[in-house]
Trainee: 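Handing you a structure now.
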Protein chains: 2
Amino acid sequence: MPKDGSTNRARILDAAEQLVIDHGYAATSVDRVLEAAGTSKGAFFHHFDSKLALARALTERYVAADLDQLNAGLDATADVADPAERVIAFLRYYEDRGDEIMGAQSNCLYVAVLTERQLLDAGTADLVRGAVQAWRAEIARLLSAAADGRATDLGDVEDLADHVFTTFEGAFLLCRATGSPQHMRAQLGVLRRLVGAALGVDDRDAARST
Amino acid sequence: MPKDGSTNRARILDAAEQLVIDHGYAATSVDRVLEAAGTSKGAFFHHFDSKLALARALTERYVAADLDQLNAGLDATADVADPAERVIAFLRYYEDRGDEIMGAQSNCLYVAVLTERQLLDAGTADLVRGAVQAWRAEIARLLSAAADGRATDLGDVEDLADHVFTTFEGAFLLCRATGSPQHMRAQLGVLRRLVGAALGVDDRDAARST
DNA sequence: GCTGAAACAGACTGGACAGTCTGTTTGTAA
DNA sequence: TTACAAACAGACTGTCCAGTCTGTTTCAGC
C-alpha cells in the first residue's frame, strides 16, 4: 500500500466543514477548500467523486459526531436515579456546554445542508433525518420514564423530544442573527427551565451532572 | 413617466423569494430568477444594482411581512384581559396557523440569509437582527406583564421571549429535515404548553383568539 | 531495486454565471 | 407629434468553477 491518504482526506473534510458551515455549500468552491486544506485538485477528486460526494461525506461525519454528543449526554446522566431529574440533568449537560459549542463553530452544518435543495434531493437530508430520529427516540424514552406515574400532561412526548433539536437549531440561527454566541447557552437554559416547570422539578433539587 | 415597473419588480422579488428560500441564495442564479419571473436581464439590472442588492430588497420585504405577523398576533389577542392568558393566546395564534405557514413556504428566508457569510458581511443580517429584537421586545413586554405579581420564576424574560424566534426557526429546519410540515404546528404547540406550565395557566382555561 | 497501485500535483476545458452594453419600446408631458 | 426618460429586451464578456486528464511521487511487497 502506498502513502496513507486518510490524513489528507481528513484535512480536506476539516477545511470543507468550516467553510460550508460559515459560507454555505454552494458558496464554497472546491478551490477554496483546497487552498484552506493546502492540497490539490488531484488529491480532492481522488478522495471524492464529486463536490456532492464531499457534502455527503461531510454530513456523515457530522452526524456521527452529533450522535456521539447525544450519547455523551446520556452517559453523563446515567447515574441520576429520578427519571424527571434525569431529563433536567440531561438538558443541563448541553446547557453547560453551550458556550463551548458556539466557540467551536459559528453555525450548524445541518442548517447549511437543509438550506440547499440540491443537497436535499441528493439524499443528504436523509442522514440528518436519521440524527433527528435518534435524538427524538432517546429523549422520548427519558421523557416517558419521567412522565410515568406523574400527573403532569406533557402532550405528545415525541414532539416534546423534538423540541430539543428545535432549540439547538433555532439557537444557532439566533446566534447568527444577533452575532452573540451566548444565546446558545441561554436558549438551552430556557428549555431546561420550561421542561423543569412542566415536569414539576424544582431547579435547586435537580441533579447536576459532573 | 413611462410604464410602471413596480409590478415587474414585485414579480422578480416573488420569484426570487421562492427560489432563495428553497435553494439558497448562492445556488439561485439570476438567470433562473428571470426565467421564473418571465422577464429579462435588462429589467433585472434596471431594478437592482446587483444580485446582492436583490438579497437586501428581498430581506427588507420579508422582515416587513414578518413584523406584520407579529402585530397580527398582538392585535388578535389584545382583548385578552389576563396577562398570562394573553401570552398563551398569543402563542396559540401562531400555533393555529402553523400548517398555513408551512403551506405557503417550505422554509424561512432568514435561514437562507443567515447561512451565507457574504450576506452577513453585506449587512443583510442587520435587518434580521432588527426583526429578532422587535419580537423579543414585544413578547418580553407580554411576559413581564404576565410574571408581574406571580410567584413563577421565568428566568431572564428576554431569553424566554427569544425562545419564540428560536422555536420558529428550529421548527422550519425540523420540517425540512423530516419532510413533514406538521412539525411547525407541533413545535409551536410544545412551546405553548411549556410556557403555559411555567406561567401556571391551565390549558382549558386559556383564552382562545378568534 | 523493481513493480504496481494508491496518493497526489497542477494544467486544462467546457459551461455557467454576474454584470455590461447597445439598442427598442412605452408612456407622458410640453 | 415630438421630445425625453423610464422600462425593458437580449446579445455579449470576462471570470470563476466543477470536473478531466496527464503526468509524478510514494511506498509495500517481492
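Atom set for the values below is all heavy atoms of this structure, side chains included, hydrogens, waters and symmetry mates excluded. As the structure is a prediction and not an experimental result, all values here were calculated from the model. Protein chains get the first letters and strands the later ones, always in sequence-line order, with residue 1 at the start of each.
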Trainee: Could you state the CZ-P distance from F45(A) to dC17(D), rounded to the nearest angstrom?
Mentor: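 In whole Å, dC17(D) P and F45(A) CZ are 13 Å from each other.
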
Trainee: Considering non-hydrogen atoms only, spot the tightest contact between R192(A) and I88(A) and give its length.
Mentor: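 In this case the closest contact between R192(A) and I88(A) is CG-CG2, 3.7 Å.
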
Trainee: Nearest whole Å is fine: how far is dA9(D) C1' from N8(B) CG?
Mentor: 11 Å

Trainee: If you look at every heavy atom in L19(A) and T28(A), which pair is closest and at what distance?
Mentor: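 Minimum heavy-atom contact is O-OG1, 3.4 Å.
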
Trainee: For L34(A) and dG19(D), what is the distance between atoms CG and P respectively, to the nearest whole Å?
Mentor: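 About 12 Å, once rounded to whole Å.
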
Trainee: For Y94(B), check ring pair (Phe, Tyr, Trp, His ring centres under 6.0 Å) against everything at least two apart and list the hits.
Mentor: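 Expected list: F90(B), W135(B), F168(B).
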
Trainee: Establish, with yes or no, whether the OP1 or OP2 oxygen of dA9(C) is under 4.0 angstrom from a side-chain nitrogen or oxygen of T39(A).
Mentor: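 For dA9(C), OP1 or OP2 has a side-chain N or O of T39(A) closer than 4.0 Å.
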
Trainee: Rounded to the nearest angstrom, tell me the gap between atom CZ in F48(B) and atom C1' in dT20(C).
Mentor: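 The answer, rounded to whole Å, is 18 Å.
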
Trainee: R11(B) CZ to dA7(D) P: how many Å, rounded?
Mentor: 15 Å

Trainee: Just to confirm, is there a sub-4.0 Å distance from OP1 or OP2 of dC8(D) to any side-chain nitrogen or oxygen of H47(B)?
Mentor: yes

Trainee: Rounded to whole angstrom units, what separation is found between the NE2 atom of H46(B) and the P atom of dG10(D)?
Mentor: 16 Å

Trainee: Under 6.0 Å between ring centres: does that hold for H183(A) and H163(B)?
Mentor: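 No, too far apart.
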
Trainee: Taking CD from E35(B) and P from dA18(C), how many angstroms apart are they, rounded to a whole number?
Mentor: 13 Å

Trainee: Would you mind reading off the distance between I12(B) atom CD1 and dG19(C) atom P, rounded to a whole angstrom?
Mentor: 14 Å

Trainee: CG of D49(A): more than 12 outside heavy atoms within 6.0 angstrom?
Mentor: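 12 or below, so no.
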
Trainee: Looking at S50(A), I'd like to know whether one of its side-chain N or O atoms comes within less than 4.0 Å of OP1 or OP2 on dA18(D).
Mentor: no

Trainee: Between the protein and nucleotides 14-17 of chain C, list the N/O to N/O atom pairs that are separated by less than 3.5 angstrom.
Mentor:
none

Trainee: With D31(A), which residues qualify under salt bridge (Lys or Arg N to Asp or Glu O under 4.0 Å), at least two apart?
Mentor: K41(A)

Trainee: Under 6.0 Å from the CD atom of Q118(B), do we count more than 12 heavy atoms belonging to anything else shown?
Mentor: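 Counting neighbours around CD of Q118(B), more than 12 heavy atoms of other residues, nucleotides or ligands fall under 6.0 Å, so yes.
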
